[in-house]
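Values in this document were obtained by computation on a predicted structure and should not be read as measured data.
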Amino acid sequence: MSRSSTPESPPQDLWSSILDSVSRSRSIPAKQVLILGQPSSGKSTIASALLQKPPSDDPSETNLPDFALGYDWADVRDEGDEDILARLSVYTVPSSATTYTSLLPDFLPPRQSLPHTVVIIALDWTRPWTFIEELQMWLVWVEQWAKGDGSRELEIAREEQRERLQSHLQHYAEPSSEPLPTTTHSSTLLPLGPGTFTHNTGGVSIIVTCTKADLIDDNSDIVGTGAAGMGGMVKGKGGEWEERTDSIMQVLRTICLKYGAGLFYTTQQPTTLQVLRRYVLHLLFTPAPSPAVSTNSEAGAPPRNPFPFQHRTNTLDRDRIVVPAGWDSWGKIAVLREGFDAKSWGEAWERDVDMDASDTAGTQGAKAFYSSLVSDQGTKPPALPPFNNPTPEQIFLAKHYDEKAKRTDPQDDPRRAFNNPLENATAGVVGPMSASSLHAPNVDRALAEMENSQSMNLSASVNGPDVSRKLSRSTRAVSSLATGTASGRSTASSPPISSPSPTGHTQHEVLQHFFQSLLSSKDRSGAANAAKTTMSPPPPAANESGTNGDMVS
């Protein structure tokens, strides 16, 4: 059997595998902090303190619009500021709107991010009446984010992270004044107390941070809303103000105990923010529990945390409260203020969380209890104006039509505005001559009465037939004049009423003299002759010397 003279070629991915192993050994671990809170709750101040970046002094950058998802990062170095231990990424959201929170699972997938993420929930002390509502909203969202898509790999990661957080709570020890480093954990683990770590199935490291805590001790005596924060609470030392602030802290501690979360109060002072940063790094670098450590204390020392938290718990100074996860209990909460029932508040919180959206029986929940403790002093939106229900058009018109129909005064007739403007412009001595003043039945009746009276009075005269024929001809002229005047208003070719007659008199004057002669009862025959003389055209020159009646006709 012959051997190959050429050596076997190495696999092609040998160098790539070597480079990958070296890069993994030298790669910088990534740590994330997710800051949740409503607008103007102090999220940017917390982010600047975590990254150790001073806030900008430029006033033009204070009112910059929020991004859909804020991001910044910084390198975390050891205590000697020599080696880079991790790269810290800080994510912030502008508000609780679904448009913003739906982006977080894409940048922080829970399966890879759970062991390396700390969630900070920022609550604003200028709006204490919103604490319970905002806490419930954000904690429910954290639970949903940790569940993710429900895959098998995610379930394993959730169980491991829950065991890690539970081990951290059980192994918590109050730092002593003597700097004696703890090299081993106690082999005896005490069970968690009542109401401790009953929620947060994903084991997410949570810190509830109440910002602007320096405004709690405002010395202003003004009662009401404002920057002082406590709304309608009484300002000053002691009394109702102190009782309510202590009760609020007891409620917050009870809720944090159920989720294995810490509670911190911060101000603009760098000391409070540095304590928060130290605790965040302590949680991020907490080593995973080792089975050998929990079963046999002599098997070896546990992994060391490069950022031990040496700050003692503080529950008395209202502007710098520090309650690390694992220290608190129902008994310690009740010591702060007598009469507080942590068990009842815990049950009320569970009723609110487990309540369905369709269930309206929330009178026994934590929100209802908290509203009686701290009334809502927020600005309310202005009330909407009353609904204007307009009257249907046909009903409106019918109503006003009936009202107009009941009016008897002709001066109120709205149709008078549409009369011919020439009627007033051409008014004569008698007055305006409208179509109604020349109504045919009235004129005909007056002319008929005149004709009958004149025919009776002049029937016995010598020139009776001639005079009677002339009078009838005059009456027909007057009738035709009146009819022509009434009908001539609608045509542009007819002359106006006030046009002069061949005798020099206007038609109004002719009608005036005519009707005055009718009303005169002294001399009817003289009136008829005057009307005949006035309305008849002047005779020709040949007739002036003397003509008979036949030539007139």
Side-chain angles (χ1 to χ4, degrees), residues 31-38 41-52 76 86 88-93 96 104 108 113-125 131-132 134-143 145-146 161-162 164-166 168-169 172 175 196-197 199-200 202-213 248-249 251-267 270-286 305 307-315 319-328 333:
K31 303 293 182 179
Q32 294 85 223
V33 177
L34 176 59
I35 304 177
L36 305 176
Q38 296 292 14
S41 58
K43 300 187 297 293
S44 59
T45 304
I46 297 175
S48 300
L50 294 178
L51 300 173
Q52 290 187 331
V76 179
L88 181 63
S89 300
V90 178
Y91 296 86
T92 57
V93 292
S96 60
L104 291 174
L108 293 174
S113 303
L114 275 178
H116 312 288
T117 303
V118 171
V119 176
I120 296 178
I121 300 177
L123 302 178
D124 188 358
W125 254 115
F131 282 179
I132 299 299
E134 292 183 10
L135 262 182
Q136 180 177 341
M137 174 184 59
W138 289 120
L139 291 174
V140 169
W141 182 88
V142 171
E143 289 274 14
W145 170 74
Q161 182 62 19
R162 183 172 175 83
R164 178 182 177 182
L165 181 58
Q166 182 175 350
H168 174 75
L169 298 176
Y172 178 81
T196 304
F197 203 32
H199 292 64
N200 192 8
V204 182
S205 300
I206 302 174
I207 305 175
V208 177
T209 304
C210 297
T211 62
K212 308 175 186 178
I248 291 174
M249 184 171 60
V251 173
L252 295 179
R253 289 170 59 183
T254 303
I255 298 173
C256 291
L257 187 64
K258 300 178 73 64
Y259 288 83
L263 177 63
F264 283 71
Y265 283 16
T266 62
T267 64
T271 55
T272 59
L273 296 172
Q274 288 302 319
V275 172
L276 176 63
R277 180 181 183 273
R278 191 77 183 185
Y279 186 71
V280 169
L281 296 178
H282 175 73
L283 292 180
L284 288 174
F285 287 90
T286 299
N305 192 331
F307 294 97
F309 187 69
Q310 301 295 336
H311 198 279
R312 297 181 63 85
T313 303
N314 185 2
T315 58
D319 57 345
R320 53 189 68 209
I321 298 296
V322 176
V323 182
W327 176 86
D328 216 349
I333 295 174

Q | Reported CG-to-CH2 distance for the pair L263 and W327, which is rounded to 0.5 angstrom | A | 10.5 Å
(Q) According to side-chain hydrogen bond (donor to acceptor under 3.5 Å, both in side chains), who are the partners of E143, at least two apart in sequence or on a separate chain? (A) T201
**Q.** Any residue meeting side-chain contact (heavy atoms from CB on, under 4.5 Å) with T196, in chain and number order, not counting sequence neighbours
**A.** L192, L257
Q) Which of parallel (below 30°), tilted (30 to 60°) and perpendicular (above 60°) describes W125 and F131? A) perpendicular
Q. What distance do L34 atom CG and I206 atom CD1 have between them, rounded to the nearest 0.5 Å?
A. 10.5 Å
(Q) With heavy-atom distances below 4.5 Å as the criterion, would you say the side chains of L283 and I207 are in contact? (A) yes
Q) Sequence neighbours excluded, which residues qualify as ring pair (Phe, Tyr, Trp, His ring centres under 6.0 Å) partners of H116? A) none
Q | All side-chain contact (heavy atoms from CB on, under 4.5 Å) counterparts of R164, not counting sequence neighbours | A | P115, Q161, T286, P289
**Q.** By ring pair (Phe, Tyr, Trp, His ring centres under 6.0 Å) - contacts of F309 (at least two apart)
**A.** Y279
**Q.** Counterpart residues, side-chain contact (heavy atoms from CB on, under 4.5 Å), relative to Q38 (two or more places apart)
**A.** S95, S96, R127, E134, M137
**Q.** pair Y259-L165: side-chain heavy atoms closer than 4.5 Å
**A.** no
Q. Got a second to check how far I333's CD1 is from D328's CG, nearest 0.5 Å?
A. 4.0 Å
(Q) Quick one, R320 with V275, criterion side-chain contact (heavy atoms from CB on, under 4.5 Å). Give me CA distance, side-chain angles, the key distance, then yes/no. (A) CA-CA 9 Å; R320 53 189 68 209; V275 172; over 6 Å; no
Q: Go through L36 and L104 one step at a time and tell me if the side-chain contact (heavy atoms from CB on, under 4.5 Å) criterion holds.
A: CA-CA 11 Å; L36 305 176; L104 291 174; 4.2 Å; yes
(Q) Is any side-chain heavy atom of M249 closer than 4.5 Å to one of V323? (A) no
Q.
Quick check: do V118 and L50 have side-chain heavy atoms less than 4.5 Å from each other?
A. no
Q. With a 4.5 Å heavy-atom cut-off, do V119 and W138 have their side chains touching?
A. no
Q: Not counting sequence neighbours, list each pair that qualifies as a salt bridge (Lys or Arg N to Asp or Glu O under 4.0 Å) and has a residue in residues 270-281.
A: E79-R278
Q) Do the side chains of L139 and I255 get nearer than 4.5 Å, heavy atoms only? A) yes
Q. Looking at residues at least two apart in the chain, or sitting in another chain, which of them share a side-chain hydrogen bond (donor to acceptor under 3.5 Å, both in side chains) with H168?
A. none
Q.
Can you confirm whether L252 sits close enough to C210 that some side-chain heavy atom of one is under 4.5 Å from a side-chain heavy atom of the other?
A. yes
Q: Check L114 against A146 and note the closest heavy-atom contact, atom names and distance.
A: CD2-CB, 4.4 Å
Q) Looking only at heavy atoms, what is the nearest atom pair of S205 and T117, with distance? A) CB-O, 4.1 Å
Q | Residues that T266 engages under side-chain contact (heavy atoms from CB on, under 4.5 Å), provided they are two or more places apart | A | T209, T211, T272, L273, L276
Q. Taking all atoms of both residues into account, what is the closest heavy-atom pair of Y172 and A325, and its distance?
A. CD1-O, 3.8 Å
Q.
Quick check against the 3.5 Å criterion: does K31 have a side-chain atom that pairs as donor or acceptor with the backbone of L284?
A. yes
Q | Counterpart residues, side-chain hydrogen bond (donor to acceptor under 3.5 Å, both in side chains), relative to Y91 (two or more places apart) | A | none
Q.
Taking salt bridge (Lys or Arg N to Asp or Glu O under 4.0 Å) as the definition, give me every residue that meets it alongside K212, ordered by chain and number, with sequence neighbours left out.
A. D124
Q: For N200, enumerate each residue passing the side-chain hydrogen bond (donor to acceptor under 3.5 Å, both in side chains) test, keeping only those at least two apart in sequence or located in another chain.
A: none
Q: Might you point out which heavy atoms bring F197 and G203 nearest each other, and give the distance in Å?
A: CZ-CA, 4.4 Å
**Q.** Distance (rounded to the nearest 0.5 Å) between L135 CG and L123 CG
**A.** 5.0 Å
Q) Would you say T315 and R253 make side-chain contact, with heavy atoms under 4.5 Å? A) yes
(Q) Give me the atom names and distance for the closest heavy-atom approach of Y265 to A213. (A) CB-CB, 3.9 Å
Q) Where do V90 and A47 come nearest, in terms of heavy atoms and distance? A) CG1-CB, 3.9 Å
